[in-house]
Amino acid sequence: MTATISLPVPERAKRRPGRGRAGGSHHAGYLFVSLYVVLLLLFGVAPTAYALYLSFTEAGKPWHWAGLSNFLSTGRDFRFVPAFEHIAIYLAIWLTVLVVLVLFLALMLHGGARRVVPAFRFLFYLPGALAGSASVIVWVFMFDPELSPWHFALALFHFSSFPQVIAPGHLPAIFAVIAFWTGAGGWIVVMNGALNNISDEVIDSARIDGANAWQLAFRVKLPLIKKWVVYMLILAFAAGTQLIVEPTIVASASLGMVSPFWSPNQLAYYLATYNDNFNYAAAIAVDLLFVGLMAAALLVFRSKLFELE
Amino acid sequence: MKDNSTSPHRALLGRPRRLFSTLAATGLAVSTVVVGTSIMSAVPAQASSSPITLWVDSARLASVKAWEKANPSVKLDVSTFDAGANGSGSIEEKVALANRVGHGWPDIVFSAEQNDVQKLGYPPFSFPAVLNGGLVPSSIIKNYAAGALAPCYIGTKLECLRNDMAFDVLWVNVPLMKQFGYTIPTTWQQWQAIGESVATNHPGYIIGTLGDSYSDAVYLQAAQCHLNDVVASYSLIDNPNDPNCVNIANLLDPLMKDGSVPATANEFGSTFAKQYGGKVLMDVGPAWYSTAIFEGTGSVLNSPKGTYEAVDPLTWAGSKHTWTGDVGGGLWILSSHLQGAQAQAAAKVLVGLATSTVSQDQSEGYPGYVPAAKSWIAEQDASGLFATPLAPAFAVAAPEVWPGWSQTPWDVFGLWAQNVTPNLVAGDTVLSQLSVMAGVIKDNAQSEGFQVKS
Amino acid sequence: MSQVPVHRAARRQAAPAPVAGARGLGRPRSRRPYRRVITRLAWFVVMLAFTAFFVVPVIWLLIAPTKTDHQLVFEGPFTFGSFHTFLQTWDALYSFQAHEMLKWLENSAEYSLGGVLLALGCAVPAGYGLALTEFAGRRVLLGITLIVMIMPFSALVLPLFLEMNVAHLEGTTWSVVLPLGFFPFGVYLCYIFFSSTIPTELLAAARVDGASEWEVFRRVALPLARPVVALVGFFAFVSDWTNFFLPYVMFSNDRQYPLPVALEYLVSQTSAFNPVVGANSPVLRPELAMAALVAIGPVFIVFLFAQRALVTGMLAGATKA
């Protein structure tokens, strides 16, 4: 029994005539979402609202309106601009690598022999469980030219010591490698599942029309999984702007050679915990939320993600 | 394509429902905020007659267990955590959260970070209890080695007890020195001369390291460099042009260049034993390098018994007083949220853990409390791991820690590792990095509210 | 069917261009066995290269506990140590702080199981409700879900902590399980799944037969939802199992740590990563590698089971009807 994962492909529904939203009372709808709404309010809305409240009030003085002063103070912090510069470079590398390679691998898996695909998919996903501290031990060895199985690759860049590899200029690429290694597998699983649910008819008819592999991929498959790609872009963008785990891992691995406020989210966390200034942390978090939402809104409206047929 | 209901009937029904859900969400959010802020304003004192909560790291567990065994009547509730290692800020985080809800502080906490009291002792944390106001007998305080309690003082208030001391001494590979025909240096200049000779005659051997985050304390503190000198409350002297700083930088730069004090050498790096095993002719480092780096089965180099010895810290030629650096040494902190009998009981436990022989005999490092130190060093020297007893050099070095390199709310080791070490690895000189270091210290100090002067 | 005309147009445009495989247009494949073999081979080479990238560090991790700390540094990355050393490494890790490894595993299992059950119990009905029933505020709900998914956790630490204190749940399992049950990613997965896969004709038919909304959900939609339940359950499990920040904030007692927090603690107690620990570090690098393997083992096992539960074909049958 071949086990494949299939996920829905929203555009298919367009072709079914007469599909409507007939049926279902209003009350039932509320009941179905009620449990989720409770959790959403408790652990999503309320904390977010509280964080917003913190970002606009003065530290240590509850309910004292601070206007934009928290935002200005954090913006003027000597670590703020460098952190956002770092994250901009990181995002450029990370998003490109993630989207291109995830889609590439998902398409490769989709076009491959059915028997071996689950094995490859499993192997790609394997590193996903090694998130966080569990992987510190791995990276301290992988990035050391003296100890790494990849020493030939590191030698190509003329690295002869671990500190050279993690030089400040290389950090965005280093973090992108780690984040890709850990996170690509999950998205490959999702994209592969989305591709699997494209009906064979569509693919066969495209082949009959003479489409080759490239055209099949770009003109048929990718457009059909567009919503999933948009979803991945939104989440990857947000996750990228909120980078916090990878710098902490490399800091641990390098005995402190990476700053604890390299990324904006790290700075927010640092201000919250080490300086006991949750208001400043909230201001930076709101900055990041704003950036993430702008990207999400752009993507959602351009791709009509919320439209239902 | 649109999913929203379009009939007027549904629109009428839809609006109040949307309004309701929005109101509900707002109401919940607001109430959380109100409750949260009201909790924040009440900070009651700790309840009494409960086991004493103690947070330590795993390395201190041996001390705690030994003390518990000797004092079975005292009930301890022991938790282990990372003790703020590597600047994780775990103590600050927990105290910040506990301050918000009025409970959850540990009664006694061990910190592996030398500067934690300088962080926790100021608002908004204000966590440590003042110990020299009666909680700890003055006889105990007097029996600490000179300078051992320096990281614990905020003004005249003593806010922690030092666990162990980490003064730097000169570690020497005795057989290797004999083999190469060098005499053990007593001054930095002599040390430098040996380094230059080693680079020419015995390349690959090292006399020190510049790749770890402790280099700033090891070299700059010993040279009395005024880059991080807290002279008054919230007032810092940060002068990269200080001749002391320049002199030590000029001394180190040729050695770094010719390879006898490499910037890629880090005693705790993964490949140190591989690259420099058997090649560490000398090294300037703290007392605890004894079993951590040089001798013993748990050490990095695991040298044959009797290879290394500790020698008095290097003096700057021509100066009257020898100063040395300080790297590490943990702190025992008592919570200020205890009252009355509970506070007294916890203070007794604190004193026991920090100063009693039964506890300190298990210590990894040289105890700051002199009577415990005597017992500890006797035990170390009895093991015969080192070429000569450690006691004499340690006794000389202990009071020589230069107080002008202050413990501050910012992590100086971290700043050096993040900003300076990568540049040294890339080939920059120590001299060029003085202004870099001064710059980052200034930024951090100012963001903490310090006035920075040159 | 709208994609096919695009293809015809593309072929007319693509014919003169030297696109790889363009010359194969229209010709039966059986006349080009070499091309097929080469394509297959190329496929395997590329896949194996990527597999190596993902898997080599894991192989290293698997071998690491068989070596002593000294061997890890002095011998090559893929040299095998010995089974005896492996047992010693296991013994050192297992006996660390009175077998605390077992307690940490138990905690992880407890929090993850609770989190997954709660997440599924909320996300599946919610996704169904959002996709297939009518009520006002659906888009608002989706929008709010997306917004809170994007909010950085660093700002949510304090409010979550305060909430748990208000509810007197601080330090209990619930302080972690309840927030973990909030799994908006799962809601989105279920929403997209239900909105695309379940034909409304089936639901309408069931309603016409007199079934209540709950029965429609339970008897028509749920059985068809096995793939997404398995997928969401799996992702929820991995997310809960690897969650660090939530338990780190909620717990101060090491007996309550799940594996991610315990691993951070273990790393901080290893002299290789925290020099101040000194010589008698009970945990060295091989033990850390083994701890990492223990932490990810259950994820592997669950993934293997999840693969079996996700079967295609059911969907194809239902929608083609």
Side-chain angles (χ1 to χ4, degrees), chain A residues 3-6 8 10 13 19 21-24 26 28-30 32-33 35-36 39 43-44 47-48 50-51 118 120 123-124 126-127 129-134 136-138 142 149 205-206 209-213 215 219-220 238 242 252 265 268-269 272 278 281-282 285 288-289 292 306 308, chain C residues 3-4 6-7 10-11 21 25-26 47 51 54-58 61 77 122 125-126 128-129 133-135 139 142 146 148 150-152 154-156 158-160 179 181-182 192-193 195-197 200 204 207 213 227 242 244 260 263-264 267 273 288-289 292 295-296 299 307-308 310 312 315:
Chain A
T4 60
I5 301 169
S6 280
R19 185 171 196 248
R21 302 241 131 251
H26 302 283
Y30 285 120
F32 281 117
V33 300
L35 195 52
Y36 170 67
L39 290 187
F43 302 120
T48 304
Y50 191 84
F120 279 119
L123 291 175
F124 291 165
L126 219 53
L130 270 170
S133 286
V136 170
I137 182 76
V138 169
M142 293 302 121
S205 60
D209 280 346
N212 61 38
Q215 291 167 325
R219 301 282 171 94
V220 182
Q242 294 174 27
S252 239
N265 202 12
Y269 201 77
F278 289 96
L288 291 173
L289 176 68
F306 287 170
L308 299 165
Chain C
Q3 275 69 22
V4 175
V6 173
H7 265 299
R11 182 168 58 147
L25 285 172
M47 294 309 263
T51 308
F54 284 110
V55 165
V56 158
V58 181
L61 195 64
C122 294
Y128 172 82
T133 63
E134 289 193 52
F135 62 98
R139 270 193 179 168
L142 283 171
L146 196 63
V148 299
I150 297 179
M151 189 68 183
S154 48
L156 304 180
L158 179 61
L160 284 173
F182 172 58
I192 299 184
F193 174 88
S195 69
S196 320
T197 326
T200 47
R207 286 185 187 121
E213 283 305 314
T242 56
F244 168 79
L263 269 162
E264 187 264 351
V267 168
F273 298 110
L288 270 186
I296 63 180
V299 177
Q307 292 235 64
R308 278 197 224 150
L310 302 163
T312 191
L315 298 168

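Keep in mind it's a predicted model, so treat the numbers as computed, not measured. The figures that follow rest on heavy atoms only: side chains count, while hydrogens, waters and symmetry mates do not. Per chain, numbering begins at 1; letters A, B, ... match sequence-line order.
Looking only at heavy-atom pairs under 4.5 Å with chain C, the residue among Ala281(A), Ala268(A), Gly292(A), Ala134(A) that has the most is Ala134(A). For chain A, the option among Thr242(C), Val299(C), Val56(C) with the highest count of heavy-atom pairs below 4.5 Å is Val56(C). Your options are Pro179(C), Ala155(C), Pro260(C), Gly129(C), and the one with the most heavy-atom pairs under 4.5 Å with chain A is Pro179(C). The choice from Ala238(A), Ala51(A), Gly44(A) that makes the most heavy-atom pairs within less than 4.5 Å of chain C is Gly44(A).
In plain terms, the two heavy atoms of Thr48(A) and Leu156(C) that are nearest each other are N-CD2, 3.8 Å.
With a 4.5 angstrom heavy-atom cutoff, Tyr269(A) touches chain C via backbone and side-chain atoms both. Interface residue Phe278(A): only side-chain heavy atoms are found under 4.5 Å from chain C. Heavy atoms of Ile150(C) lying under 4.5 Å from chain A belong to its backbone as well as its side chain.
Taking 4.5 Å as the limit, every side-chain heavy atom of Leu263(C) sits out of range of all side-chain heavy atoms of Phe244(C). With contacts defined as side-chain heavy-atom distances shorter than 4.5 Å, the pair Leu288(C)/Val136(A) does not qualify. Contact annotation: the side chain of Tyr30(A) never approaches that of Thr133(C) to less than 4.5 Å [non-hydrogen atoms, C-beta and beyond].
Take Tyr128(C) and apply the ring-ring contact (aromatic ring centres under 6.0 Å, His included) test, not counting sequence neighbours, and it matches Phe32(A), Phe194(C), Phe217(C). Not counting sequence neighbours, the partners of Leu123(A) by the side-chain contact (heavy atoms from CB on, under 4.5 Å) test are Leu126(A), Thr51(C), Val55(C).
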